[in-house]
Amino acid sequence: MASVTYDHVTKTFGDTAAVKDFLLEIADGEFMVLVGPSGCGKSTALRMLAGLEKVSDGRILVGDRVVNNVAPQHRDIAMVFQSYALYPHMTVYENLAFGLRNQRVPKKEIDSRVKRAAEILDLDALIKRKPKQLSGGQRQRVALGRAIVREPAAFLMDEPLSNLDAQLRVQTRAEILKLQQALETTTIYVTHDQVEAMTMGDRIAVMKLGVLQQVGPPEELYREPRNLFVAGFIGSPAMNLVPAEVLDGSGGNGRIAGFRPEHIDLANGRPDGLDFDARVEVVEYLGDEQLVHLTRRDNAIQAKLPIEEEVSAGQELKLTVPRDKLLLFDAETEERIPG
């Protein structure tokens, strides 16, 4: 195991900077998630660490070793891709053992590592099957196993769950977390899915257009987003972001008000609440709660309300949000205003 450091790393393709002055320290044994929309540079950052893309400027370190000019196979890392990339003519055992055989690891040690990985990932009963006989989730577990047998200093995972259906994603997400906690291997995980990021990462690094926006534990990014982009990206459903005057009636103050859908309630006369009216457009029934889509002065607002509240389209509601849950952002700089 080892720490991983991006030391002011930049990657350019021609005149375009895919990653700009990227500075990030990942602790030994940490589960770090790189998250952001398509084209934000997260996969490029991972591929530079893997040695699949050349660094244009800056340094990447695994432990204390600069790996900029180290061949991928000598970086002591293992990568799991979006596609399973299993050899179709090989059994599960042979797929797991293939990389170790290429490294000329002794046969007895290969057998020991493969059996351990199969046990960890509950693949024992599938060890003699070929990929076509496996489900998508089982194939992804084999791909993870191929990384485990390497016993690397770090795991790199590039959207490994995106080919799975919703139920399998949740299940495999839990398996990856248990695996990482058991092995305590430094893990860098790339995803565009902020729900994956929130549920999996010890810390999350949010990227936009190649620039690192904010790094921190999930709860910090959720409660204290540094700017409008992070505020709108982290959270499902997203944070409500409207001009402040839409809520409080003030004008021309250049501020954006941010508040979470779950912090909205029906107005109850609380002195610490900011009250406002809004019109119900659509109500989504979620079983244990309802997601209410509203408009106020042509601004869209979402509220999560208890299922017991009878709400219907076309209704005018008087709502409130606690003032201590209200965040303010500068409309020009898009940075959060302290306070």
**Student:** Ignoring hydrogens and geometry, is there a side-chain-to-backbone donor-acceptor pair from E289 to P306 under 3.5 Å?
**Tutor:** no
**Student:** Taking all non-hydrogen atoms of both residues into account, name the closest pair between A300 and N240 and its distance.
**Tutor:** O-OD1, 4.4 Å
**Student:** Is atom CD of E316 surrounded by more than 12 heavy atoms (other residues, nucleotides or ligands) closer than 6.0 Å?
**Tutor:** yes
**Student:** Enter the distance from E175:CD to D122:CG here, rounded to the nearest 0.5 Å.
**Tutor:** 8.0 Å
**Student:** A side-chain contact here means heavy atoms from C-beta on lying under 4.5 Å apart; do L24 and M32 qualify?
**Tutor:** yes
**Student:** Side-chain heavy atoms nearer than 4.5 Å, only ILVMFWY residues, links allowed to pass through others: does that put V105 and L96 together?
**Tutor:** yes
**Student:** Show the nearest heavy-atom pair for residues G29 and T186, with the distance to one decimal.
**Tutor:** N-OG1, 2.8 Å
**Student:** Return yes if some donor-acceptor pair links the side-chain N/O of R296 with the main-chain N/O of D277 below 3.5 Å, else return no.
**Tutor:** yes
**Student:** Above 12 or not: heavy atoms from other molecules or residues under 6.0 Å from CD of Q315?
**Tutor:** yes
**Student:** Indicate the atoms forming the closest heavy-atom contact of M48 with V9, along with that distance.
**Tutor:** CE-CG1, 3.5 Å
**Student:** Give a yes or no answer on whether the side chain of E30 reaches the backbone of A27 with a donor-acceptor pair at less than 3.5 Å.
**Tutor:** yes
**Student:** Output, in order, the C-alpha distance, side-chain angles, deciding distance and verdict of side-chain contact (heavy atoms from CB on, under 4.5 Å) for L121 and L179.
**Tutor:** CA-CA 8 Å; L121 292 167; L179 172 67; 4.3 Å; yes
**Student:** Which value, rounded to the nearest 0.5 Å, describes the distance between K304 atom NZ and D288 atom CG?
**Tutor:** 8.5 Å
**Student:** Would you confirm whether T333, through its side chain, and E335, through its main-chain N or O, come within 3.5 Å as a donor-acceptor pair?
**Tutor:** yes
**Student:** Please check if F98 and V114 belong to a single hydrophobic cluster, counting links between Ile, Leu, Val, Met, Phe, Trp and Tyr side chain heavy atoms closer than 4.5 Å.
**Tutor:** no
**Student:** Take V67 and L61 through the side-chain contact (heavy atoms from CB on, under 4.5 Å) test and state the conclusion after the steps.
**Tutor:** CA-CA 6 Å; V67 297; L61 295 86; over 6 Å; no
**Student:** Is it true that V321 and L228 fall in one hydrophobic cluster, defined by side-chain heavy atoms closer than 4.5 Å?
**Tutor:** no
**Student:** Just do the side chain to side chain donor-acceptor pair (under 3.5 Å) check on T295 and E281 with the steps written out, would you?
**Tutor:** CA-CA 7 Å; T295 54; E281 302 294 339; 2.9 Å; yes
**Student:** Under 6.0 Å from the ring centre and within 45 degrees of the ring axis: does the NZ or CZ of R260 meet both conditions for the six-membered ring of Y222?
**Tutor:** yes
**Student:** Please find the pair of heavy atoms, one from Q194 and one from S236, that lie closest to each other, and give the distance.
**Tutor:** NE2-CB, 3.0 Å
**Student:** Given side chains that start at C-beta, do those of I26 and I188 come closer than 4.5 Å, heavy atoms only?
**Tutor:** yes
**Student:** Does a side chain donor of either Q140 or T172 reach within less than 3.5 Å of an acceptor in the other side chain?
**Tutor:** no
**Student:** Do L49 and L156 have side-chain heavy atoms sitting under 4.5 Å apart?
**Tutor:** yes
**Student:** Does Q213 reach the main-chain N or O of F229 with its side chain, forming a donor-acceptor pair under 3.5 Å?
**Tutor:** no
**Student:** Is the shortest heavy-atom distance from the side chain of V142 to the side chain of L123 under 4.5 Å?
**Tutor:** yes
**Student:** On a heavy-atom basis, which atom in I148 and which in A117 lie closest, and how many Å separate them?
**Tutor:** CG2-CB, 4.0 Å
**Student:** Got more than 12 heavy atoms from elsewhere within 6.0 Å of CG, D298?
**Tutor:** no
**Student:** Is atom CD of E284 surrounded by more than 12 heavy atoms (other residues, nucleotides or ligands) closer than 6.0 Å?
**Tutor:** yes
**Student:** Decide yes or no for R255 and D330: does some side-chain heavy atom of the first lie under 4.5 Å from some side-chain heavy atom of the second?
**Tutor:** no
**Student:** Give a yes or no answer on whether the side chain of R203 reaches the backbone of V33 with a donor-acceptor pair at less than 3.5 Å.
**Tutor:** no
**Student:** Quick one: does any side-chain atom of D158 pair with a main-chain N or O of V190 as donor and acceptor, under 3.5 Å?
**Tutor:** no
**Student:** Report whether F31 and L144 are members of the same hydrophobic cluster (ILVMFWY, side-chain heavy atoms less than 4.5 Å apart, transitive linking).
**Tutor:** yes
**Student:** What orientation do Y6 and F22 show, parallel under 30°, tilted 30 to 60°, or perpendicular over 60°?
**Tutor:** perpendicular
**Student:** Below 4.5 Å, heavy atoms only, C-beta onward: do E196 and R169 meet side chain to side chain?
**Tutor:** yes
**Student:** Can you tell me how far CD of E53 sits from CZ of F13, rounded to the nearest 0.5 angstrom?
**Tutor:** 4.0 Å
**Student:** Donor-acceptor check, side chain of E309 to backbone of Q290, threshold 3.5 angstrom: yes or no?
**Tutor:** no
**Student:** Side chains of V246 and F276: closer than 4.5 Å at any heavy-atom pair?
**Tutor:** no
**Student:** Nearest 0.5 angstrom please: I204 CD1 to E219 CD, how far?
**Tutor:** 9.0 Å
**Student:** Any chance you could lay out the side-chain contact (heavy atoms from CB on, under 4.5 Å) test for I176 and M157, step after step, and finish with the verdict?
**Tutor:** CA-CA 10 Å; I176 290 175; M157 300 189 184; 4.0 Å; yes
**Student:** Can you confirm whether more than 12 heavy atoms, excluding those of R116, are under 6.0 Å from its CZ atom?
**Tutor:** no
**Student:** Look only at the side chain of S3 and the backbone of D28, and say whether a donor-acceptor pair between them is shorter than 3.5 Å.
**Tutor:** no
**Student:** State the NZ-CZ distance between K107 and R101, to the nearest 0.5 angstrom.
**Tutor:** 7.5 Å
**Student:** Under a 3.5 Å distance rule, please check whether T320 uses its side chain to pair with a backbone N or O of K318 as donor and acceptor.
**Tutor:** no
**Student:** Specify whether Y87 and H89 have parallel, tilted or perpendicular ring planes, treating 30° as the upper limit for parallel and 60° as the lower limit for perpendicular.
**Tutor:** perpendicular
**Student:** Is there a side-chain contact between M239 and L327 in this structure, where contact means two heavy atoms from C-beta onward sitting under 4.5 Å apart?
**Tutor:** yes
**Student:** Would you mind telling me which of K108, R113, K115 makes a side chain to side chain donor-acceptor pair (under 3.5 Å) with D111?
**Tutor:** K115
**Student:** Indicate the atoms forming the closest heavy-atom contact of P72 with G51, along with that distance.
**Tutor:** CG-O, 3.5 Å
**Student:** Roughly how far, to the nearest 0.5 Å, is CZ of R150 from CE of M79?
**Tutor:** 12.0 Å
**Student:** Look at atom CD of Q103 and say whether more than 12 heavy atoms of other residues, nucleotides or ligands are closer to it than 6.0 Å.
**Tutor:** yes
**Student:** Let's go through F259 and L247 carefully: what are the C-alpha distance in whole Å and the side-chain angles of both, what is the deciding distance for side-chain contact (heavy atoms from CB on, under 4.5 Å) to 0.1 Å, and is it a yes or a no?
**Tutor:** CA-CA 11 Å; F259 49 101; L247 293 184; 3.5 Å; yes
**Student:** Group every Ile, Leu, Val, Met, Phe, Trp and Tyr by side-chain heavy-atom contacts under 4.5 Å, then state whether I60 and I77 land in the same group.
**Tutor:** yes
